[in-house]
Amino acid sequence: MQQDYKPKNIEAVAQLYWNEKLTFRAADQSEKPKYYCLSMFPYPSGKLHMGHVRNYTIGDVLSRYHRMKGFNVMQPMGWDAFGLPAENAALANNVPPAAWTYSNIDVMRTQLRSLGLGVDWSREVTTCKPDYYRWEQWLFTRLFQKGLIYKKTSSVNWDPVDHTVLANEQVIDGRGWRSGALVEKRDIPMYFMRITQYAEELLADLDQLEGWPEQVKTMQRNWIGKSYGVRFAFPYQLDGKQDKLWVYTTRADTIMGVTFVAVAAEHPLATRAAQGNAALTAFIEECKHGGVAEADIATMEKRGMDTGLKVSHPLTDKLVPVWVGNYVLMGYGEGAVMAVPTHDERDFYFSQKYAAQLPPVKPVIVPANWDVSKVGETTSKSGAPRLLNATGADISTPMGNYSNFLDWEQWSEIFEQKGICINSGKYDGLNYDQAVDAIAADLAAKGLGEKKVQFRLRDWGISRQRYWGCPIPIIHCVNCGDVPVPDEQLPVVLPENVTITGAGSPLAKMPEFYETTCPQCGGAAKRETDTMDTFVESSWYYARYTSPGCTTGMVDERAQYWLPVDQYVGGIEHAILHLLYARFFNKLMRDAGLFGDTDLSSTSQKTGELALRPKSIDEPFANLLTQGMVIAPTFFREGAAGKKLWINPAEVDIETDSRGRPVGAKLRSDGQSVVIGGTEKMSKSKNNGVDPQVIIDQFGADTARFFIIFAAPPEQTLEWSDAGVEGAFRFLRRVWNFAYSNKKEIEVCHSRSKQESVESYLQAMNNEQKEVYREMHVVLKQANFDLQRLQFNTVASACMKILKALEQQIAIVTPGMNTTAAAITNGFSILLRLLSPIAPHITQTLWQELGYGDDVLSAPWPEVDEAALIQDEIELIIQVNGKLRGKLRVAKDADHDTLKQLAMACPSVEKLLAGQAAKKIIVVPGRLINVVI
RNA sequence: GCCGGGAUGGCGGAAUUGGUAGACGCGCCGGACUCAAAAUCCGGUGCUGGUAACAGUGUGAGGGUUCGAGUCCCUCUCCCGGCACCA
């Protein structure tokens with residue numbers, strides 16, 4: 001055994017051992033329970049960053065822990081290889097996206113391997129390879145035939161200079177990132193997946209996901225956004241025709257307060273109204289400027305213009321003006337909304353802005369606790385209505401005492417609350433439910449509306465006008481329309497040798513790609529040149545991992561064994577989109593029969609044997625761990641024109657004051673100072689990414705893994721610090737040194753006969769030794785609990801505490817004692833096993849070196865010696881009025897009266913009591929006594 | 001703007017259910033070893049006052065519930081993630 005801890009050597013040896021033994025090759029059958037542990041696969045951006053190290057270390061800790069707990073573990077890895085950055089890199093470096101991607105994959109695979117992850121590499125998946133995306137195309141054709149994929153137009157960001165569609169990310173302050181041109185909305189035809197058809201199930205099944213964080217489920221619920229409302233129409237006559245303007249509202253109780261209707265700029269009514277109306281045409285044109293991102297639309301200034309058109313109120317027949325609003329989106333719902341300024345905040349501010357041109361607002365709801373019969377109305381200075389409760393108007397404090405007074409000059413949340421109808425004719429006095437029922441019934445009787453359940457969730461547009469993605473397997477034929485590519489012609493292979501220009505898709509300029517014949521009529525036809533959203537690949541890779549090499553379908557019967565994923569680990573930023581799409585795809589694949597016969601009723605009727613029923617895999621991920629980001633300090637210098645030049649933290653020396661507070665920073669290369677910026681998410685743009693390779697090279701993979709686990713709980717944001725890395729390395733070196741200096745004694749223990757077993761000597765320990773032993777098991781108990789709740793940073797601290805306890809063992813007795821050797825042998829085996837999921841190389845090496853066995857992974861997980869935890873005496877806290885005033889050692893079963901007397905006798909308590917009697921004494925068994933005076 | 005989180009010493013963080021705030025580590029200070037330094041080992045370290053014992057104070061801000069609040073409730077501030085074409 002080497003005297004010094006040399007991670008480079010031992011890590012290479014350990015990795016070779018795992019490779020040769022095929023340790024991590026997962027068996028598709030086993031008597032052990034299966035544990036499919038999946039970390040979100042990386043986009044091959046070039047190099048590993050700390051976020052990857054964190055994600056994959058967390059997954060590996062879980063995998064190794066479960067393996068030692070007796071599970072048949074499968075941990076795969078692959079590459080989310082299609083995507084925009086490859087095209088950007090191609091533009092910048094003149095390298096084809098494919099070549100760039102494959103070379104990145106090679107670099108990152110090597111880096112991942114050097115981390116010592118327990119990955120079954122025989123299952124590796126690369127989404128940009130035809131053997132993967134072929135099956136995605138296959139599923140596309142099935143969904144297309146089922147009507148689950150359809151075509152419609154949708155808005156995209158259009159760069160009028162580069163003549164290209166931009167991703168939301170590429171739109172900065174309303175301009176194209178390369179051209180700087182003002183971005184426009186443009187409607188183009190796209191394929192959509194009917195995720196809304198599964199909205200109800202996607203929502204309902206969240207309840208069965210007990211292993212998911214509540215916050216993620218809440219976000220998904222809100223995203224799906226099931227609402228109960230009324231869809232109704234405003235009839236109108238135009239160009240001699242009767243027609244209806246449809247809207248949807250969840251506040252049908254406020255319909256009597258409608259003052260206008262707002263439609264999207266692209267709405268047919270707007271288009272019609274703009275004919276011969278130059279001002280409106282210009283306004284509609286203006287509405288098309290800017291991006292399509294919801295965040296931008298929600299934060300932009302709400303503007304509108306009267307179309308001059310009027311529609312009839314469906315219940316009163318009164319004419320209602322129609323406006324164009326830049327905040328109304330075509331394609332979301334009806335592309336039109338009713339406006340009730342008195343009971344909707346957005347409508348309120350909009351109508352205040354255009355008050356002069358709009359009809360007066362009308363309150364139709366008062367708070368539920370008001371006496372409707374006594375409500376009086378008056379007008380304020382501006383003419384806006386005031387409602388007065390008859391109990392006496394308190395005009396001085398309108399907001400503070402709203403039960404008396406409501407004033408529609410200033411917005412209040414009260415306006416939006418459900419209450420009682422007023423000013424609503426026959427609906428006066430009804431509450432929300434009654435009013436909605438009555439109004440919906442009246443609308444239905446007129447054929448102008450009905451109750452409707454609606455979802456916020458929209459169908460998933462999957463067409464991308466980009467090159468580096470999975471080709472959409474559709475052939476456009478003038479005679480037969482959109483024809484799916486037949487199975488035998490799949491895959492539609494993406495040509496890899498192309499030149500990227502940044503203007504439009506290269507595929508659309510490649511006749512050799514798009515010129516084809518129609519599979520139905522055999523005539524000349526054109527292949528679709530759009531590719532699929534890269535979220536499609538990441539929606540089913542977890543299933544493909546179960547069936548490596550399968551050439552007959554997306555998955556084979558092995559999927560039934562492995563699915564669902566038992567533990568999924570990945571960044572919180574994927575809480576909605578990726579996780580929702582993957583859940584959706586799982587249901588699509590289930591309903592395509594890929595997970596076995598899902599028609600459970602017919603199966604059981606036929607066979608009568610429940611045991612033969614295939615399991616229904618409704619959800620892909622049974623347990624989810626959402627990991628926090630890795631952040632780092634930023635440093636910069638002001639360059640020309642105030643442009644910031646970002647400097648990597650690795651090139652900076654930080655100066656601190658006497659108490660360690662940073663006071664300045666200097667660039668190492670020139671010794672001149674740099675500005676300390678904020679602490680932010682590691683990114684290329686702020687140049688604050690830390691390359692884990694530097695740490696692995698200098699300290700080893702175990703140190704990198706240990707630190708990243710130790711630094712913060714998995715779900716929290718993690719701030720990077722190099723100083724902490726050295727601390728982690730110091731600890732591992734102490735473990736090594738401890739092993740080196742105690743090797744002989746441990747080996748002697750291992751060679752002893754059964755009569756002289758470690759256990760027999762543990763029985764013979766003296767009280768001091770037993771106390772140390774007890775401490776160690778207290779720590780182990782906490783560590784096992786923390787593993788269960790996925791809080792690994794405290795497991796790392798537990799390892800440090802156990803090493804300290806072992807060092808203490810040696811310090812308190814003369815060396816050479818059999819009990820000491822036994823305690824160390826036993827204790828160190830606990831430490832090595834507890835530490836092994838986090839730092840697998842050093843623990844594997846020492847496990848072998850000290851003769852514990854060949855493979856620490858096949859050792860049983862250390863369990864707590866409960867008997868050792870029992871104490872005769874415990875420490876109690878003495879409080880006076882809740883403040884700590886003393887401590888007391890008492891017998892563990894002392895009764896309350898004894899405890900009270902002991903507490904009262906405490907000097908500090910006596911002093912504070914000063915002869916008075918205590919008002920109350922609270923005894924919390926096993927914890928404290930609080931004397932109230 | 002909407003949805004979901006977060007805020008604890010100089011720093012990362014700990015504190016299962018309301019019950020000793022600051023475990024463990026980093027940094028810093030002091031000591032040992034050394035010609036010296038590095039490394040290592042030992043001790044100290046929330047803040048304020050005090051030689052000290054000790055006292056006061058303290059978990060983003062303000063209020064509340066409770067014998068007792070980092071933890072529960074209300075109001076607010078700031079920060080982060082997502083918002084459907086970044087992945």
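Predicted, not measured: the structure shown is a model, and the values here were computed from it. Each chain gets a letter, A, B and so on, in the order the sequences are listed, and its residues count up from 1.
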Asks: Atom pairs under 3.5 Å, N or O on each side, protein against nucleotides 42-44 of chain B: can you list them with distances?
Replies:
none

Asks: With heavy atoms under 4.0 Å as the rule, sort A/Leu457 into base, sugar-phosphate or nothing.
Replies: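 Base, at least one base atom sits under 4.0 Å.
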Asks: For A/Thr717, report the nucleic acid contact type (base, sugar-phosphate, nothing); a contact means any heavy atom under 4.0 Å.
Replies: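 Sugar-phosphate, backbone atoms only, no base.
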Asks: Less than 3.5 Å apart, which donor and acceptor atoms pair up between the side chains of residues 789-797 of chain A and the rest of the protein, not counting sequence neighbours?
Replies:
{"unit_1": "A/Arg789", "atom_1": "NE", "unit_2": "A/Asp786", "atom_2": "OD1", "d": "3.0"}
{"unit_1": "A/Arg789", "atom_1": "NH2", "unit_2": "A/Asp786", "atom_2": "OD1", "d": "2.8"}
{"unit_1": "A/Gln791", "atom_1": "NE2", "unit_2": "A/Thr794", "atom_2": "OG1", "d": "3.1"}
{"unit_1": "A/Thr794", "atom_1": "OG1", "unit_2": "A/Asp786", "atom_2": "OD2", "d": "2.6"}
{"unit_1": "A/Thr794", "atom_1": "OG1", "unit_2": "A/Gln791", "atom_2": "O", "d": "3.1"}
{"unit_1": "A/Ser797", "atom_1": "OG", "unit_2": "A/Asn793", "atom_2": "O", "d": "3.1"}

Asks: Do the side-chain N or O atoms of A/Arg733 get closer than 4.0 angstrom to the phosphate oxygens (OP1, OP2) of B/U40?
Replies: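 Looking at the OP1 and OP2 atoms of B/U40, one of them is under 4.0 Å from a side-chain N or O of A/Arg733.
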Asks: Between N or O atoms, less than 3.5 Å apart, protein on one side and nucleotides 74-78 of chain B on the other: list the pairs.
Replies:
none

Asks: Can you tabulate the close N/O pairs, meaning under 3.5 Å, that link protein atoms to atoms of nucleotides 17-24 of chain B?
Replies:
{"unit_1": "B/U17", "atom_1": "O4", "unit_2": "A/Arg927", "atom_2": "NH2", "d": "3.2"}
{"unit_1": "B/G19", "atom_1": "N2", "unit_2": "A/Gln879", "atom_2": "OE1", "d": "3.3"}
{"unit_1": "B/G19", "atom_1": "N2", "unit_2": "A/Asn930", "atom_2": "ND2", "d": "3.4"}
{"unit_1": "B/U20", "atom_1": "O2", "unit_2": "A/Lys887", "atom_2": "NZ", "d": "3.3"}
{"unit_1": "B/A23", "atom_1": "O2'", "unit_2": "A/Lys801", "atom_2": "NZ", "d": "3.0"}

Asks: According to a strict under-4.0 Å criterion, is A/Arg885 in side-chain N/O contact with OP1 or OP2 of B/A55?
Replies: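 So the side-chain polar atoms of A/Arg885 do come within 4.0 Å of the phosphate oxygens OP1 or OP2 of B/A55, strictly under.
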Asks: In which ranges does RNA chain B form stems of 3 or more consecutive Watson-Crick or G-U pairs, distances under 3.5 Å?
Replies: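 Expected stems, ordered by start: B:1-7 with B:77-83, B:10-12 with B:24-26, B:27-32 with B:40-45, B:46-49 with B:54-57, B:60-64 with B:72-76.
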Asks: Salt bridge between A/Lys804 and A/Glu807, side-chain N to carboxylate O under 4.0 Å?
Replies: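 No, this pair does not count.
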Asks: Should A/Lys883 be listed as having a side-chain N or O under 4.0 Å from OP1 or OP2 of B/A55?
Replies: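 No, outside the criterion.
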Asks: Looking at every strand, decide which applies to A/Thr534 at a 4.0 Å heavy-atom threshold: base, sugar-phosphate, or nothing.
Replies: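 It contacts sugar-phosphate atoms only.
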Asks: Have a look at A/Phe535 and say if it touches a base, only the backbone sugar-phosphate, or nothing, with a 4.0 Å heavy-atom cut-off.
Replies: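 Here A/Phe535 touches the bases of the nucleic acid.
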Asks: Would you please indicate if the ring centroids of A/Tyr133 and A/Phe82 are separated by under 6.0 Å?
Replies: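 Distance test on ring centres: under 6.0 Å, yes.
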Asks: Scan side-chain atoms only and decide if A/Thr164 and A/Asp159 contain a donor-acceptor pair under the 3.5 Å cut-off.
Replies: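 Distance-only check fails for A/Thr164 and A/Asp159.
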Asks: Hey, does A/Val931 reach any base, or is it just sugar-phosphate, or nothing, if we go heavy atoms under 4.0 Å?
Replies: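 Answer is nothing: A/Val931 stays at 4.0 Å or more from every strand.
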Asks: If only side-chain N and O atoms of A/Arg730 are considered, is one of them under 4.0 Å from the OP1 or OP2 phosphate oxygen of B/G27?
Replies: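 So the side-chain polar atoms of A/Arg730 do come within 4.0 Å of the phosphate oxygens OP1 or OP2 of B/G27, strictly under.
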Asks: Name the residue closer to the 5' end of RNA chain B, choosing between A/Val165 and A/Lys302 according to the nucleotide with the nearest heavy atom.
Replies: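 So the residue in question is A/Lys302.
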Asks: List every contact pair, protein side and nucleotides 4-7 of chain B side both N or O, where the distance is under 3.5 Å.
Replies:
{"unit_1": "B/G4", "atom_1": "O2'", "unit_2": "A/Gln215", "atom_2": "OE1", "d": "3.1"}

Asks: Give me syn or anti for B/G13, where syn covers glycosidic angles within 90 degrees of 0.
Replies: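 Chi for B/G13 falls in the anti range.
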Asks: Using a 4.0 Å heavy-atom cut-off, does A/Arg346 contact any base of the nucleic acid, only the sugar-phosphate backbone, or nothing at all?
Replies: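 Nothing, no nucleic acid heavy atom in range.
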